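What you see is a predicted model, and the numbers here were worked out from it, not measured in a lab.
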Amino acid sequence: MPSLNPNCEECGLHATATTVCMRGDGPQTPEDVQVFVVGEAPGANEDKRGVPFVGESGKILRSELHKNKLIEKTYITNLVKCRPPNNRTPTAAEIKACRPYLEEEIARLKPGYVITAGVPATKTLFRGKAKITQFHGEIIENPKVSYVGMPIFHPAYTLRDPSKL
């Protein structure tokens with residue numbers, strides 16, 4: 001597995017990114033991580049700070065984790081480590097280029113629960129089971145992986161439709 005590389009040039013996204021957001025936010029050891037949240041890609045705020053989920057959608061996510069007393073036990077990261085131009089959805093090739101880094105994070109932290117925020121993360125980790133309206137908040141078990149998953153609506157989506165929170 002590759003080592004997390006802040007100088008990654010596996011896809012073209014690095015050319016327009018201010019920061020490569022390789023390291024997720026939260027506890028850094030397996031014994032301290034209970035929940036692992038995977039989003040789509042860094043946005044403008046994340047690109048500036050190098051930390052995932054620090055913009056408006058991050059405030060929503062962190063607020064929900066805090067309400068559920070999970071914030072201290074949660075590691076937050078993204079599928080793609082560089083911001084796609086204009087916050088577009090990452091391409092399959094960009095996700096493929098970053099996937100080894102995500103797999104390394106999961107292998108290193110050994111979470112019991114993985115929450116996928118939005119369609120790209122859900123499709124990537126749950127092999128196409130990405131009908132968020134069908135699977136939102138449902139537990140997905142996959143015997144091929146060591147964690148239990150739960151897809152949720154991406155917090156950015158809930159900014160546009162608060163009823164989805």
Side-chain angles (χ1 to χ4, degrees), residues 2 4-26 28 35-68 70-71 74-106 109 111 113-138 140 149-165:
L4 295 177
N5 176 6
N7 301 311
C8 176
E9 295 182 0
E10 294 295 318
C11 72
L13 290 179
H14 73 280
T16 57
T18 302
T19 307
V20 178
C21 304
M22 276 296 176
R23 178 158 246 152
D25 190 35
Q28 300 292 318
V35 178
F36 189 98
V37 176
V38 181
E40 182 175 307
N45 291 309
E46 293 79 8
D47 188 38
K48 286 179 191 162
R49 293 188 48 197
V51 178
F53 281 94
V54 293
E56 290 304 309
S57 63
K59 288 177 187 173
I60 291 170
L61 174 66
R62 290 167 192 276
S63 173
E64 290 299 309
L65 290 167
H66 184 73
K67 279 187 216 174
N68 290 289
L70 293 171
I71 194 70
T74 301
Y75 181 85
I76 303 169
T77 193
N78 281 307
L79 280 177
V80 173
K81 307 305 182 183
C82 294
R83 180 183 182 207
N86 302 312
N87 286 348
R88 68 163 168 72
T89 301
T91 66
E94 292 160 350
I95 292 170
K96 183 179 179 183
C98 283
R99 181 141 187 187
Y101 299 115
L102 177 64
E103 289 175 354
E104 178 181 327
E105 288 175 292
I106 292 171
L109 296 173
Y113 300 92
V114 173
I115 296 173
T116 53
V119 173
T122 302
K123 276 187 177 180
T124 300
L125 291 178
F126 299 120
R127 311 272 186 242
K129 291 184 178 182
K131 294 184 181 191
I132 293 296
T133 54
Q134 180 183 356
F135 292 109
H136 170 73
E138 297 291 322
I140 295 178
M150 184 174 65
I152 63 170
F153 293 113
H154 194 285
Y157 179 67
T158 67
L159 285 169
R160 295 185 296 276
D161 186 352
S163 73
K164 301 300 184 197
L165 191 58

Task: NE2/His66: more than 12 non-hydrogen atoms of other groups inside 6.0 Å - done: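 Not buried by this count: 12 neighbours or fewer within 6.0 Å.
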Open item on the list: Tell me if the CG atom of Asn86 is crowded by more than 12 foreign heavy atoms within 6.0 Å.
Closed with: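 Count not over threshold, so no.
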For a 4.5 angstrom cut-off between non-hydrogen side-chain atoms, does [X] reach [Y]?
X	Y	value
Val35	Pro111	no
Tyr101	Met22	yes
Glu40	Val80	no
Leu79	Pro90	no
Thr91	Arg88	yes
Leu125	Leu102	yes

Heavy-atom pair with the smallest gap, counting every atom of [X] and [Y]:
X	Y	result
Cys98	Lys81	SG-N, 3.5 Å
Val51	Cys21	N-SG, 4.2 Å
Lys48	Thr19	O-OG1, 3.9 Å
Ala121	Val38	CB-O, 3.4 Å
Phe126	Ile140	CD2-CG2, 4.0 Å
Pro155	Ile60	O-CD1, 3.8 Å

TODO: Please assess Thr74 against Val37 for the test side-chain contact (heavy atoms from CB on, under 4.5 Å), listing each intermediate value before the final yes or no.
DONE: CA-CA 7 Å; Thr74 301; Val37 176; 3.6 Å; yes
What's the separation between atom [atom1] in [X] and atom [atom2] in [Y], rounded to the nearest 0.5 Å?
X	Y	atom1	atom2	result
Ile76	Ile115	CD1	CD1	9.5 Å
Thr124	Glu103	OG1	CD	10.0 Å
Thr89	Ile95	OG1	CD1	8.5 Å

Open item on the list: Determine whether Lys67 and Leu65 satisfy the following criterion, side-chain contact (heavy atoms from CB on, under 4.5 Å), listing intermediate values before the conclusion.
Closed with: CA-CA 6 Å; Lys67 279 187 216 174; Leu65 290 167; over 6 Å; no
TODO: Show your working on side-chain contact (heavy atoms from CB on, under 4.5 Å) between Phe36 and Leu109 and close with a plain yes or no.
DONE: CA-CA 9 Å; Phe36 189 98; Leu109 296 173; 4.1 Å; yes
- [ ] Determine, using ring centers only, whether Phe53 and His154 are less than 6.0 Å apart.
- [x]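 His154 vs Phe53: aromatic centres under 6.0 Å.
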Open item on the list: Show, in sequence, the C-alpha distance, side-chain angles and deciding distance for Gln28 and Tyr75, and conclude whether the side-chain hydrogen bond (donor to acceptor under 3.5 Å, both in side chains) test is met.
Closed with: CA-CA 8 Å; Gln28 300 292 318; Tyr75 181 85; 4.6 Å; no
Open item on the list: Exactly one of Arg49, Arg62, Glu46 should register a side-chain contact (heavy atoms from CB on, under 4.5 Å) with Asp25. Which one does?
Closed with: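 Only one option passes, and that is Arg62.
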Open item on the list: Determine whether a donor-acceptor pair (N or O, by modelled atom type, separation under 3.5 Å) exists between the side chain of Asp47 and the backbone of Gly43.
Closed with: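 The answer is no, because no donor-acceptor pair under 3.5 Å joins these two groups.
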